[in-house]
Amino acid sequence: MRVAMIGTGYVGLVSGACFADFGHVVTCVDKDASKIDRLHKNIMPIYEPGLDALVEQNVREERLFFTTDAKEAIADADAVFIAVGTPSRRGDGHADLSYVYAAAEEIAELIDGFTMIVTKSTVPVGTGDEVEEIIRKKRPDADFAVVSNPEFLREGAAIKDFKIPDRVVVGTDSERARELMRELYRPLFLNETPILFTARRTSELIKYAANAFLAVKITFINEMAELCEAVGANVQEVSRGIGLDGRIGNKFLNAGPGYGGSCFPKDTLALTKTANDHNTPVRIVDTVVEVNAARKKAMAGKVIKAMGGDVSGKTIGVLGLAFKQNTDDMRDAPSLDIIPALIEAGAIIKAFDPEAMEEAAKLMDGLNYVENAYEAVDGADAMVILTEWDQFRALDLDRIKESLKSDIVVDLRNIYSPEDMAKRGFEYTSIGRPS
Ligand code: UGA
């Protein structure tokens, strides 16, 4: 099949490369000429493990193309995917749909023959209806179907999530579109991926409900971690103890400094806005948004407390800045709350992240970015782990101990064992576990 992918952001690029790898002919379109230029040179706009190799191979085998010119790509396509950004609208937290609607206007002018217009961007319920109206108004005679096909990709694991998904959700009432979507995802049937066909509005809501539920799960375990700290229990064992119950499941029960990233914060907020607009508030999600924001803010206090209540003039070696491992994404990262608060309290920060320092430097100044973990802790009064990169799980702890001025380690991702750290003579603080 021929696919046009509008938008070469995170979702568009990963989905485009994976569809090409399935054997389809994919043209990725973006208005940003320098991005397209770089993609022609196989320079990725984001860090995502395995993406450069996947793009390189599919370009070489002539299944994947990049262009700034939407015309040909759309006219030839059986499916045109909308994968543009839907950021939080400034001021009210609603999803900003201006890019989606602009794409719809453009697509309307260019489609030729029966075409599926598929929304991959995360869009509020009813957006598909709007897209359909925009196209119908411009091209009353056009033969098309608007389909919702949300993505469930995690940054850092996006290729695997695309190729071995838990499910594929397709929202449409057009039988013809259903057939084409089946064809598009056919390679997944080999591993028996469930494909769930629903009405379009249901599919749009499934995406928000999934992200909100995961945010609830994380926030729940974070509050349990607080309680564990108060009563002397261990949150990792609580997670395991409840997660073994098949009804609860063991995933997304790692307590941490609060969720961040480009999706959960934006999507939980957008869901609460939609729900309020329809006079059916989702109070659990409202509370989760509030609790998570407060948690990220409270984490600096936890570090300060572990350092004896005063960090003025003290040096802190920070390991990890990205909102999670395997990404350079800094959007809503807990580090953006924690580091400025520590600087405000008088601390000197030396920070290292394997991929996110360039992005971090655009958002935070007043700290020193260094070349590796050991340089960050050299002569520091404490080591603070903010992101769970694999390379931080296997540090030479003897070397760390020698490099640090004092023995304080604050681990906001629970990657070390309290017993082991105590045995090695560290003053170790983690999340929801007795030290
Ligand atoms: C999330 C969803 O997991 C994807 O399914 C979805 O497609 C994506 O949003 C999206 O809407 O595009 P992502 O934001 O890449 O993916 O990252 P996650 O791995 O879900 O992590 C989100 C945040 O939750 C991170 O800050 C992470 O550190 C935190 N988290 C996750 C925890 O604190 N504990 C956990 O147990 C899991």
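Atoms within a ligand are numbered from 1 in the order they appear, just like the ligands themselves.
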*asked:* Check this for me: does any side-chain nitrogen of one of Glu359 and Arg331 sit under 4.0 Å from a carboxylate oxygen of the other?
replied: no
*Quick one: which of Ile218, Asn292, Asn254, Asn211 has a heavy atom closest to atom 30 (N) of ligand 1?*
Ile218
*Can you tell me the protein heavy atom closest to atom 26 (O) of ligand 1 and the distance?*
Gly260 N, 2.9 Å
_Nearest-neighbour protein heavy atom for atom 25 (C) of ligand 1, which is reported as residue plus atom name and distance_ = Phe323 CD1, 3.5 Å
*Indicate, as side chain, backbone, both or neither, the part of Asp267 found under 4.0 angstrom from ligand 1 when only non-hydrogen atoms are considered.*
side chain
_Min heavy-atom dist Lys217 to ligand 1 below 4.0 Å_ = no
*Do Phe323 and Phe264 make the cut of ring centroids closer than 6.0 angstrom?*
no
_Can you tell me which portion of Arg331 lies within the under-4.0 Å heavy-atom range of ligand 1? Options are side chain, backbone, both, or neither._
neither
_Looking at Asp92, I'd like to know if its CG atom is crowded, meaning that more than 12 non-hydrogen atoms belonging to other residues, nucleotides or ligands lie closer than 6.0 Å._
yes
*Does Glu179 CD have over 12 foreign heavy atoms under 6.0 Å away?*
yes
*Identify the closest protein heavy atom to atom 4 (C) of ligand 1: which residue and atom is it, and at what distance?*
Leu153 O, 3.3 Å
_Over 60° means perpendicular and under 30° means parallel, so tell me whether Tyr47 and Trp389 are parallel, tilted or perpendicular._
tilted
*Are Arg433 and Glu237 ion-paired here, with the side-chain N under 4.0 Å from a carboxylate O?*
no
*Does Cys263 reach ligand 1, in the sense of a heavy atom lying below 4.0 Å from it?*
yes
*Look at atom 1 (C) of ligand 1 and say which protein heavy atom is nearest, naming residue and atom and giving the distance to 0.1 Å.*
Phe264 CE2, 3.5 Å
_Can you tell me which residue among Ile415, Ile400, Val377 is in a side chain to side chain contact (heavy atoms under 4.5 Å, CB included) with Leu395?_
Ile400
*Please verify whether a non-hydrogen atom of Lys251 lies at under 4.0 Å from ligand 1.*
no
*asked:* Taking 4.0 angstrom as the limit and counting only heavy atoms of Glu151, give me the atoms of ligand 1 inside it, by number and element.
replied: 7 (O), 10 (C), 11 (O), 12 (O)
*Option nearest atom 17 (O) of ligand 1 (shortest heavy-atom distance, choices Glu155, Lys207, Lys324)*: Lys324
*asked:* Would you call the rings of Phe22 and Phe162 parallel, tilted or perpendicular, taking 30° and 60° as the class edges?
replied: tilted
*Hey, does Phe152 come in under 3.5 Å of ligand 1, counting only N/O atoms on both sides?*
yes
*Side chains of Asp78 and His24: is there a donor and an acceptor less than 3.5 Å apart?*
no
*For Gln391, look at atom CD and say whether over 12 heavy atoms of other residues, nucleotides or ligands are found less than 6.0 Å away.*
yes
*For atom 37 (C) of ligand 1, which protein heavy atom lies nearest, and how many Å away is it?*
Phe252 CD2, 3.5 Å
*Within the structure, does Gly256 bring an N/O atom to less than 3.5 angstrom of an N/O atom in ligand 1?*
no
*Closest by any non-hydrogen atom to atom 27 (C) of ligand 1: pick that one out of Lys120, Arg154, Arg413.*
Arg413
